[in-house]
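Since the structure comes first, as structure tokens, the remarks are kept for the end.
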Amino acid sequence: MTRLSVEMLAADVPEPITSAGHAQLGIAVLAGIAVIVLLITKFKLHAFLSLTIGSLALGAFAGAPLDKVITSFSTGLGSTVAGVGVLIALGAILGKMLADSGGADQIVDTILAKASGRFMPWAMVLIASVIGLPLFFEVGVVLLIPVVLMVAKRGNYSLMRIGIPALAGLSVMHGLVPPHPGPLVAIDAVGANLGVTLALGVLIAIPTVVIAGPLFSKYAARWVDVPAPERMIPQRPSEELERRPGFGATLATILLPVVLMLAKALVDIVIDDPEHNVQRVFDVIGSPLIALLAAVLVGIFTLGMPAGFSKERISSLVEKGLAPIAGILLIVGAGGGFKQTLIDTGVGQMILDISEDWSIPALLLAWLIAVAIRLATGSATVATVSAAGLVAPLAADMSTTHAALLVLAIGAGSLFFSHVNDAGFWLVKEYFGLNVGQTIKTWSIMETIISVVAGALVLLLSLII
């Protein structure tokens with residue numbers, strides 16, 4: 001599919017469950033988002049519960065029958081979890097296997113052995129970007145912090161000179177590159193092509209991470225000059241292992257799903273015939289489900305067995321990898337329910353009308369909406385799923401590439417200025433031993449640079465392709 005038509009999208013969207021005008025719908029949206037923000041920030045309620053209550057509040061303020069609002073929310077939750085739930089689970093298993101087998105440590109140690117001096121920040125951003133592909137942001141931080149602290153201490157480097165590139169690599173992967181939950185949900189919501197989004201996401205990620213990582217870290221190190229805190233150097237996973245997987249096998253396992261999905265996108269462009277046997281084969285092996293499943297199965301032989309794991313330990317590892325993602329799955333699902341409520345109450349159509357009346361470019365509008373929700377809630381995932389629901393109708397008459405850029409605009413906006421309502425802010429603050437002001441000068445500004453640079457590149461690409 002190379003282009004979505006208005007008629008095709010309209011056929012899949014039900015009639016609005018309310019006849020409210022734009023003014024009432026606008027108030028309903030603001031009220032629904034305000035409820036979510038207050039519950040998350042003021043009352044510290046879990047994002048899943050906050051999104052559920054916010055969806056009901058949105059429907060109530062829009063004047064929709066409550067039973068239909070519940071149906072819309074449940075439908076959206078179910079379809080979102082069905083679309084991305086298995087992918088998030090497979091990604092979590094692969095990430096856990098990578099961490100526990102010592103594969104991540106093997107990549108870190110191999111690259112650091114080749115780098116020294118002024119190349120160290122570039123080595124750190126490379127490590128974080130590669131490891132960040134299959135890992136959730138928080139897992140990547142926990143995994144890389146020991147390395148950052150040890151490199152800074154042993155090499156007598158500024159902590160920010162080493163730490164900022166690592167954080168930038170993880171953050172860019174988290175916001176722009178599937179199979180991370182945010183981009184996956186946005187792709188599902190706007191009907192974008194995953195392979196094209198992945199390719200464009202990597203293209204935008206490279207200059208973004210260079211600017212926000214090694215280049216910005218020079219200034220961050222001048223603004224905040226702190227030593228690596230001794231108390232925060234935890235044990236690395238591979239220190240308990242007698243052996244660990246090789247560098248080449250680990251790297252190949254991490255990159256396998258990316259290569260398969262990109263190969264599918266390339267074949268789709270070159271052949272562009274759904275009935276062609278070659279394209280049908282790549283449509284299967286390059287689908288996210290098969291690509292990630294293949295990486296997990298290959299990882300058992302390239303990561304688990306070389307580390308000396310028994311069948312029982314591998315089974316236990318898979319179980320432990322799935323446990324922490326329950327909250328993420330519920331947040332993503334509730335975000336999908338909120339998105340469906342927005343669409344079914346007619347808010348999506350209202351956004352479409354407003355963008356036409358105000359002549360705001362769709363990509364810029366998507367970025368701004370994601371920025372606003374990110375600043376309010378502190379959650380990049382909540383910002384992504386909510387913004388995707390709001391702007392999904394804008395993708396109706398977009399080309400495949402522009403629909404992918406819409407996803408990336410949302411992802412870029414969702415990373416804007418992390419501050420005190422973001423769990424990542426406190427994670428970085430505590431691990432690096434910073435105060436609030438120092439965290440804002442380094443981490444918060446780095447996140448803003450990523451958001452602005454990636455957003456600008458999205459707009460630039462939209463003029464070219």
May I ask you to test the Tyr431-Val141 pair for a side-chain heavy-atom distance under 4.5 Å?
yes
All heavy atoms of Ile36 vs all of Gly54, minimum pair found to be CG1-CA, 3.7 Å
Main-chain N/O of Leu77 paired with Thr80 side-chain donor or acceptor, under 3.5 Å:
no
Where Lys96 and Leu317 come nearest, the two heavy atoms and their spacing:
CG-O, 3.6 Å
Within the 4.5 Å heavy-atom criterion, are Phe417 and Arg374 side-chain neighbours or not?
no
Would you give the length of the straight line joining atom CD1 of Ile53 to atom CG of Leu38, rounded to the nearest 0.5 angstrom?
11.5 Å
Pairwise distance CD1(Ile204) to CG(Leu405) - rounded to 0.5 angstrom:
6.0 Å
CG on Leu457 to CG on Leu203, rounded to 0.5 Å:
8.0 Å
Taking every non-hydrogen atom, the tightest pair across Gly59 and Val69
CA-CG2, 3.7 Å
Ring-plane angle category for His174 and His180, please: parallel below 30°, perpendicular beyond 60°, tilted otherwise.
perpendicular
Within the 4.5 Å heavy-atom criterion, are Leu49 and Leu39 side-chain neighbours or not?
no
Nearest heavy-atom pair of Leu176 and Gly411: which atoms, and what distance?
CD2-C, 4.1 Å
Ser72 side-chain N/O to Thr341 backbone N/O, donor-acceptor pair under 3.5 Å:
no
Would you mind reporting whether Leu262 and Val202 have side-chain heavy atoms less than 4.5 Å apart?
no
Above 12 or not: heavy atoms from other molecules or residues under 6.0 Å from NZ of Lys68?
no
Would Ser217 and Arg161 count as a side-chain hydrogen bond (donor to acceptor under 3.5 Å, both in side chains) here? Give the steps.
CA-CA 5 Å; Ser217 69; Arg161 191 78 174 100; 2.5 Å; yes
Output, in order, the C-alpha distance, side-chain angles, deciding distance and verdict of side-chain contact (heavy atoms from CB on, under 4.5 Å) for Phe432 and Val226.
CA-CA 9 Å; Phe432 283 172; Val226 293; 5.9 Å; no
Between atom CZ of Phe416 and atom CD1 of Ile449, what is the distance when rounded to the nearest 0.5 Å?
11.0 Å
Is any side-chain heavy atom of Leu87 less than 4.5 Å from a side-chain heavy atom of Leu289?
yes
Closest approach of Val108 and Ile131, non-hydrogen atoms and distance?
CG2-CD1, 3.7 Å
Report the distance from atom CE of Met446 to atom OG1 of Thr442, rounding to the nearest 0.5 Å.
8.5 Å
Which pair of non-hydrogen atoms, one from Leu200 and one from Ala404, has the smallest distance, and what is that distance?
CD1-CB, 3.9 Å
Is the side chain of Ser451 donor-acceptor paired with the backbone N or O of Thr448 at a distance under 3.5 Å, no angle test?
no
side-chain contact (heavy atoms from CB on, under 4.5 Å) between Leu406 and Val458, intermediate numbers included:
CA-CA 8 Å; Leu406 185 67; Val458 166; over 6 Å; no
Taking atom types as modelled, find out whether Ser399 and Thr401 have a side-chain donor-acceptor pair closer than 3.5 angstrom.
yes
Ser79 side chain to Gly76 main-chain N or O, any donor-acceptor pair under 3.5 Å?
yes
Using side-chain heavy atoms (C-beta onward) and a distance below 4.5 Å, is Ile445 in contact with Trp223?
yes
Side chains of Phe338 and Ile33, heavy atoms from C-beta outward: is any pair under 4.5 Å?
yes
Check: His402 side chain, Ser462 main-chain N or O, donor-acceptor pair, under 3.5 Å:
yes
Under the side-chain contact (heavy atoms from CB on, under 4.5 Å) criterion, do His46 and Ile331 qualify, and how do the steps go?
CA-CA 9 Å; His46 192 274; Ile331 292 171; 3.7 Å; yes
Can you find a heavy atom in the side chain of Ile40 that is under 4.5 Å from one in the side chain of Leu45?
no
Using the ring of each side chain (for Trp, its six-membered ring), is Phe137 parallel, tilted or perpendicular to Trp443, with breaks at 30° and 60°?
tilted
Please determine whether side-chain contact (heavy atoms from CB on, under 4.5 Å) holds for the pair Ile440 and His419, giving the CA-CA distance in whole Å, both sets of side-chain angles, and the decisive distance to 0.1 Å.
CA-CA 7 Å; Ile440 289 173; His419 60 99; 5.6 Å; no
From CD (Glu430) to CD1 (Ile145), nearest 0.5 Å
12.0 Å
Among Ser171, Ser414, Ser418, find the residue that satisfies the side-chain hydrogen bond (donor to acceptor under 3.5 Å, both in side chains) test when tested with Glu447.
Ser171
